[in-house]
Amino acid sequence: MLEFMPIVLFAVICIVLMFGFPVALSLSGTALLFAGLGLGLEALGVDANFDSGYLAALPNRLYGIMTNTTLLAVPLFVLMGVLLEKSKVAETLLDAMALMFGSLRGGLGLSVTLVGMLMAASTGIVGATVVTMGLMSLPTMLKRGYSTSLATGTICATGTLGQIIPPSIALVLLGDVLSSAYQQAQLDMGIFSPKTVSVGDLFMGALVPGLLLVAMYMVYVLVIAWLRPQAAPAADRQELMEELGHTSGIGMLLLKGLVPPVVLIVAVLGSILTGFATPTEASAVGAFGALVLALAYRQLSWSTLKEVLRSTTNVTTMVFLILIGAALFSLVFRAYGGEHMVTDLFEGMPGGVVGATLIVMLVIFLLGFILDFIEITFVVVPIVGPILLAMGLDPIWLGIMIAINLQTSFLTPPFGFALFYLRGVAPESVPTSAIYRGVIPFILIQLGMLLMLAFFPGLATWLPAQFG
């Protein structure tokens with residue numbers, strides 16, 4: 001029984017999390033409990049296969065987390081996203097897009113997809129994007145006669161783009177973890193001057209798959225509008241303008257709503273992709289730019305600023321507490337020999353690296369039902385990442401596959417997080433079954449994207465190679 005302690009530890013943490021306990025405390029508390037059990041058994045003379053020397057590395061791990069400059073991008077990108085949300089940039093942008101495309105069949109669906117993409121690029125948080133788009137666009141789409149399933153499916157799917165569209169917080173965290181895993185894998189293979197993979201590389205790798213997903217979403221909406229015009233009817237532009245309360249015309253609305261956020265996102269992302277700035281430096285520029293936009297739109301009162309700072313602090317504190325809990329879990333897992341157990345399991349698996357990758361992707365997909373991307377990034381990826389990378393997988397390709405896999409998991413009924421977020425803000429007249437039906441085509445699109453990446457890895461690796 002004691003040789004299976006790593007599996008028991010992982011299973012207990014999943015069970016504790018399913019009961020709704022705080023993630024950071026669940027990780028650290030369960031890990032400390034198992035560490036105490038191992039030390040207690042060793043003191044009684046029982047061979048628990050527990051190497052307590054791993055625990056001595058905890059202070060250095062915590063110091064490394066607190067001094068990691070890459071992770072400084074997390075609070076700054078969160079601040080940028082929350083400021084853009086509070087300054088009503090997204091609301092003005094959605095109005096402008098709706099007036100531009102609303103007279104086309106499926107036009108409102110296209111508007112939601114494009115605005116959701118820009119929201120994803122600015123906030124990078126699935127919950128924030130789904131809730132914001134649900135509150136702003138769902139009532140309008142339903143009022144204009146859109147199919148309930150198409151409207152809710154589009155909103156949920158575009159909300160999950162925050163996982164893959166850079167600059168995404170998920171990619172920042174995943175890039176940091178994969179960088180460490182890649183270096184560890186190379187050291188395990190005897191390469192003592194290891195290559196590195198940066199968050200910027202992951203951003204570049206995500207750009208083509210992310211834009212392809214957006215394009216496929218839009219094509220799906222247009223196909224539905226063509227096959228079933230009653231599911232995505234065209235809106236009368238004049239009526240829509242009067243309903244939204246804009247009399248200054250589409251041009252002025254676009255100038256006000258589209259240009260500033262697009263310039264900000266291009267400046268942030270462009271500076272990273274061209275190597276002009278690191279993700280941390282670019283996140284500082286983004287946060288400052290969002291502050292300027294909020295001031296320009298006259299949406300930055302003292303109470304709003306306090307709310308923005310409080311929200312940013314809450315998210316940042318949660319991330320770093322989970323990081324600390326995950327570091328403790330990782331050390332205890334390794335102290336019980338979990339790393340060697342996983343390595344032996346993968347090496348003995350039929351299908352070699354392909355079989356191992358399929359199993360890991362399936363496990364991550366299932367864990368996405370009960371864990372958020374932060375927990376999976378810091379708990380699962382450090383365990384399986386070095387082993388898969390030592391088998392020869394490209395770190396950028398693996399990172400993009402994990403990100404899209406989690407994006408699909410968050411969209412899949414009945415446990416997908418995006419579905420819960422939309423259900424919380426959707427009118428009671430919208431049945432949950434309609435939300436579930438609506439996301440199925442988008443899940444198939446995302447699975448298709450995963451297959452495309454599996455057969456054509458260059459979709460993720462070509463752009464980083466050009467700038468590398």
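All values derive from a computational prediction rather than experimental measurement. Counting from 1, the numbers follow the sequence of the chain as shown.
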Of all the heavy-atom pairs spanning [X] and [Y], show the shortest one and how long it is.
X: G106; Y: V221; value: O-CG1, 3.6 Å
X: P166; Y: A206; value: CD-CB, 4.2 Å
X: L202; Y: I400; value: O-CD1, 3.7 Å
X: P75; Y: T316; value: CB-OG1, 3.3 Å
X: T317; Y: T313; value: OG1-O, 2.6 Å
X: A73; Y: V172; value: CB-CG1, 4.3 Å

What I'd like to find out is whether the side chain of [X] reaches to under 4.5 Å of the side chain of [Y], using heavy atoms alone.
X: F365; Y: T412; result: yes
X: V360; Y: I387; result: no
X: L171; Y: Q163; result: no
X: I383; Y: S330; result: no
X: I364; Y: I402; result: yes

Distance, nearest 0.5 Å, that separates [atom1] of [X] from [atom2] of [Y]:
X: L422; Y: L138; atom1: CG; atom2: CG; result: 6.0 Å
X: Y182; Y: L393; atom1: OH; atom2: CG; result: 11.0 Å
X: I376; Y: L406; atom1: CD1; atom2: CG; result: 4.5 Å
X: S147; Y: L142; atom1: OG; atom2: CG; result: 9.0 Å
X: F10; Y: F329; atom1: CZ; atom2: CZ; result: 6.0 Å
X: I404; Y: L213; atom1: CD1; atom2: CG; result: 5.5 Å

Ignoring hydrogens and geometry, is there a side-chain-to-backbone donor-acceptor pair from D201 to S198 under 3.5 Å? yes
Is it the case that the side chain of S179 and the backbone of G175 share a donor-acceptor pair, with hydrogens and angles ignored and the cut-off at 3.5 Å?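 Not a single qualifying donor-acceptor pair exists.
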Acceptor/donor pairs from residues 426-441 side chains to any protein atom, 3.5 angstrom cut, sequence neighbours excluded:
{"residue": "T432", "atom": "OG1", "partner": "R423", "partner atom": "NH1", "Å": "3.2"}
{"residue": "Y436", "atom": "OH", "partner": "P414", "partner atom": "O", "Å": "3.3"}

Can L291 and M80 be said to form a side chain to side chain contact (heavy atoms under 4.5 Å, CB included), step by step? CA-CA 8 Å; L291 185 66; M80 170 183 162; over 6 Å; no
Given the rule in the side chain to side chain contact (heavy atoms under 4.5 Å, CB included) test, do T357 and W397 qualify, once you have shown the distances and angles that lead to the verdict? CA-CA 12 Å; T357 306; W397 178 85; 4.2 Å; yes
Could you go step by step and tell me if I13 and S26 meet the side chain to side chain contact (heavy atoms under 4.5 Å, CB included) rule? CA-CA 7 Å; I13 281 183; S26 299; 5.6 Å; no
Exercise: do T304 and S301 side chains pair donor with acceptor under 3.5 Å: yes
Pair F442 and Y220, ring centroids less than 6.0 Å apart: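 Between F442 and Y220, the centre distance is under 6.0 Å.
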M117/T113 under side chain to side chain contact (heavy atoms under 4.5 Å, CB included): CA gap, chis, key distance, verdict: CA-CA 6 Å; M117 177 189 72; T113 304; 5.9 Å; no
Per the side chain to side chain contact (heavy atoms under 4.5 Å, CB included) rule, which among V268, L72, L76 passes with S283?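 Of V268, L72, L76, side chain to side chain contact (heavy atoms under 4.5 Å, CB included) with S283 is met by L76 alone.
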Check each of L300, L293, T312, L309 against L83 using the side chain to side chain contact (heavy atoms under 4.5 Å, CB included) test, and report the only one that passes. L300
Going through the checks in order, is the side chain to side chain donor-acceptor pair (under 3.5 Å) test met by T278 and T280? CA-CA 5 Å; T278 66; T280 303; 4.5 Å; no
Name each donor-acceptor pair under 3.5 Å that joins a side chain in residues 443-461 to protein atoms two or more places apart or in another chain, with its distance.
{"residue": "Q446", "atom": "OE1", "partner": "T408", "partner atom": "N", "Å": "3.2"}
{"residue": "Q446", "atom": "OE1", "partner": "T408", "partner atom": "OG1", "Å": "3.0"}
{"residue": "Q446", "atom": "NE2", "partner": "Y217", "partner atom": "OH", "Å": "2.6"}
{"residue": "T461", "atom": "OG1", "partner": "P457", "partner atom": "O", "Å": "3.2"}

